[in-house]
Amino acid sequence: MVEIKGIKKSFGGTEVLKGVDIKVDQGDVVAILGPSGSGKTTLLRCVNFLEKAQAGELLFDGRAYDLQKITKKEIAAIRRKTAFVFQNYNLFLNKTALQNVTEGLVVARKMPKAQAEDIGRRALEKVGLSDRRDYYPSQLSGGQQQRVAIARALAVDPEIIYFDEPTSALDPELTGEVLSVMRQLAEEGMTMLVVTHEMGFARNVSSKVVFMEDGRVVEEAPSREFFESPRSERTKEFLRLIQNA
Amino acid sequence: MNQRLWEILVDSFPKILVRGFTMTLPLTIIAFSLAMVLAVFMALAQFAHVPVLKQLCRFHIWIFRGTPLLLQLYLVFYGLPNLGIIIDPFPAAVLVFSLNEGAYCAEIVRAALEAVPAGQLEAGYCVGMSYLQTMRRIVLPQAMRTAFPSLANSLIAMMKDTSLASTITVTEILMASQRIIARVYEPMALYMEAGLIYLMFSTVLTKLQKMGERRLSAYTSKEG
């Protein structure tokens, strides 16, 4: 479905990604774990072209794209089939919850407003926010904002949703509501690539774990195998540290 | 206050006021509208780093903020005829006020654009919108909300500055009162009266600003 090969990215003289390969199959929920500064977020941003990678290849929908030579048109086409959930939600501040969800449909996909609102209402219902549809982001809690962001992602009927630490900006008591929505999506077969620090999610919801450190993939394994019988020493150490925390 | 002075004031009030409505107000509204178009255009060109255009905008702002408004009026009205360009007083005033005000407002709008979180543009991209679509529907409306109080402030300041147009023979409020003063020689009373009329106009504009801010505040309020 989505495959990234040999992605490289530097900021100034600092090499943040040193050749990363990741494969996500249809219906996969892949969790990317790793310490801060390992390049997880940069990877996700490169995959959705929010950052320009210096090298690498993207296989999407059976087509290969050179990340350096990809055109604006190709980027726009790929983005219309993907969705992105940000750490700090990035809801459109001047739009209501429902408008946030319909904006991409009406403006980018030229869908009639009535049809878009219908989809928008269903997406908000799915994340349990039907009663908040006319609220502005400033009137919603962090957890509610992130659920609207997930509804916005769902509405465009994406082939994959990228999540960039979706619960990191939330109070502990609010992460649960976001995680349960994500779990529900996973159960429905949504393909997801999730950068996260939530070990519970990685262990119980994701199908595969990619462990990154220092711009490289250290270990990649099915979730259960990753947590129960990690191969690399570094992974074992990481798991030991988080379990003691 | 003696009877004669009172009669002069009562007699002149509508005469000055009508100049406010036929000159000061149209000059303010037309010039400020043009200034806003110019300001948004110049702010966007700078925000998007459009080559050449950006430098032209910086140059325009440098010139119009760096020289006196009065001098700009003189140059256009008294100077340009030397080059064979003759512009009537009112259009000359509109031209100078819109170019001058556009330069100041462009900076207000540019600062407001830069204050919109970068994530708003990224979120637009991620739902499939183009740069222009996201600017038009998400970033610019937010920036205009931020800029609104400062822009309204500039509008009020400009309304008062239109009194400078009297120096290029536009018969606005100040000019109208000066003409009456020349006849009756009561500068104190008539300048006070002109001031009162300016105050009336700016009070209305301030009220409109308050109303506008309240209407725009929907998405920044914390109540449901």
Side-chain angles (χ1 to χ4, degrees), chain A residues 44-45 47-51 72-73 75-97 99-111 131-132 134-141 144 148-149 151-158 161-162 164 169, chain B residues 36 39-40 43-44 47-51 108-152 209 211-224:
Chain A
L44 213 55
R45 290 173 60 83
V47 174
N48 210 22
F49 318 104
L50 293 174
E51 303 285 353
K72 273 189 180 169
K73 222 172 172 176
I75 290 177
I78 293 174
R79 274 185 179 147
R80 274 197 287 274
K81 295 180 188 170
T82 66
F84 200 100
V85 175
F86 296 87
Q87 181 176 358
N88 53 358
Y89 340 123
N90 283 345
L91 290 183
F92 302 130
L93 301 172
N94 57 331
K95 303 277 172 189
T96 63
Q99 288 167 342
N100 260 279
V101 179
T102 57
E103 192 72 5
L105 299 172
V106 176
V107 180
R109 290 165 186 80
K110 309 287 174 218
M111 188 184 279
D131 55 334
R132 293 286 187 274
D134 296 323
Y135 284 49
Y136 285 96
S138 63
Q139 300 164 328
L140 299 170
S141 73
Q144 289 171 334
V148 173
R152 176 169 74 177
L154 284 176
V156 300
D157 192 23
I161 305 181
Y162 303 113
D164 181 18
Chain B
M36 281 316 298
V40 169
L44 286 172
F47 183 77
H49 301 288
V50 183
I108 295 174
V109 176
R110 185 180 59 85
L113 282 170
E114 277 161 13
V116 175
Q120 295 288 306
L121 196 53
E122 292 187 346
Y125 291 151
C126 287
V127 301
M129 298 201 299
S130 67
Y131 178 79
L132 286 177
Q133 286 171 332
T134 313
M135 287 305 289
R136 185 166 57 81
R137 300 196 43 104
I138 309 296
V139 179
L140 191 58
Q142 290 181 33
M144 292 315 278
R145 170 65 191 87
T146 310
F148 185 82
S150 307
L151 292 176
Q209 175 184 0
M211 278 166 59
E213 277 179 42
R214 233 191 327 260
R215 274 191 63 176
L216 284 170
S217 71
Y219 72 82
T220 50
S221 80
K222 287 285 169 196
E223 288 107 60

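Not measured: the values here are computed from a predicted model. Letters A, B, ... are given to chains in the order of the sequence lines, protein chains preceding strands, and every chain is numbered from 1.
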Chain B contact via [X] - side chain, backbone, both or neither, heavy atoms under 4.5 Å:
X: L91(A); answer: backbone
X: T82(A); answer: backbone
X: R45(A); answer: side chain

Closest heavy-atom pair and its distance - [X], [Y]:
X: Q120(B); Y: F92(A); value: OE1-CA, 3.3 Å
X: Q142(B); Y: N94(A); value: NE2-OD1, 3.1 Å
X: G128(B); Y: A108(A); value: O-CB, 3.2 Å
X: R109(A); Y: V127(B); value: NH1-O, 2.9 Å

Partner residues of F86(A) under the ring pair (Phe, Tyr, Trp, His ring centres under 6.0 Å) criterion, sequence neighbours left out: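 Ring pair (Phe, Tyr, Trp, His ring centres under 6.0 Å) check on F86(A) returns F84(A).
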Assess whether atom NZ of K72(A) is packed by more than 12 heavy atoms of other residues, nucleotides or ligands within 6.0 Å.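 No, the 6.0 Å shell around NZ holds no more than 12 heavy atoms from other groups.
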Please answer whether the main-chain N or O of V107(A) pairs with a side-chain N or O of Q133(B) as donor and acceptor at a distance below 3.5 Å.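 Side chain of Q133(B) to backbone of V107(A): a pair is present.
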Could you go step by step and tell me if I138(B) and K95(A) meet the side chain to side chain contact (heavy atoms under 4.5 Å, CB included) rule? CA-CA 8 Å; I138(B) 309 296; K95(A) 303 277 172 189; 3.9 Å; yes
Selection from R80(A), E103(A), R152(A) maximising heavy-atom pairs under 4.5 Å formed with chain B: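 Top count of heavy-atom pairs under 4.5 Å with chain B: E103(A).
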Between chain B and each of L93(A), I78(A), N48(A), D134(A), count heavy-atom pairs under 4.5 Å; write down the option with the most.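 Heavy-atom pairs under 4.5 Å are most numerous for L93(A).
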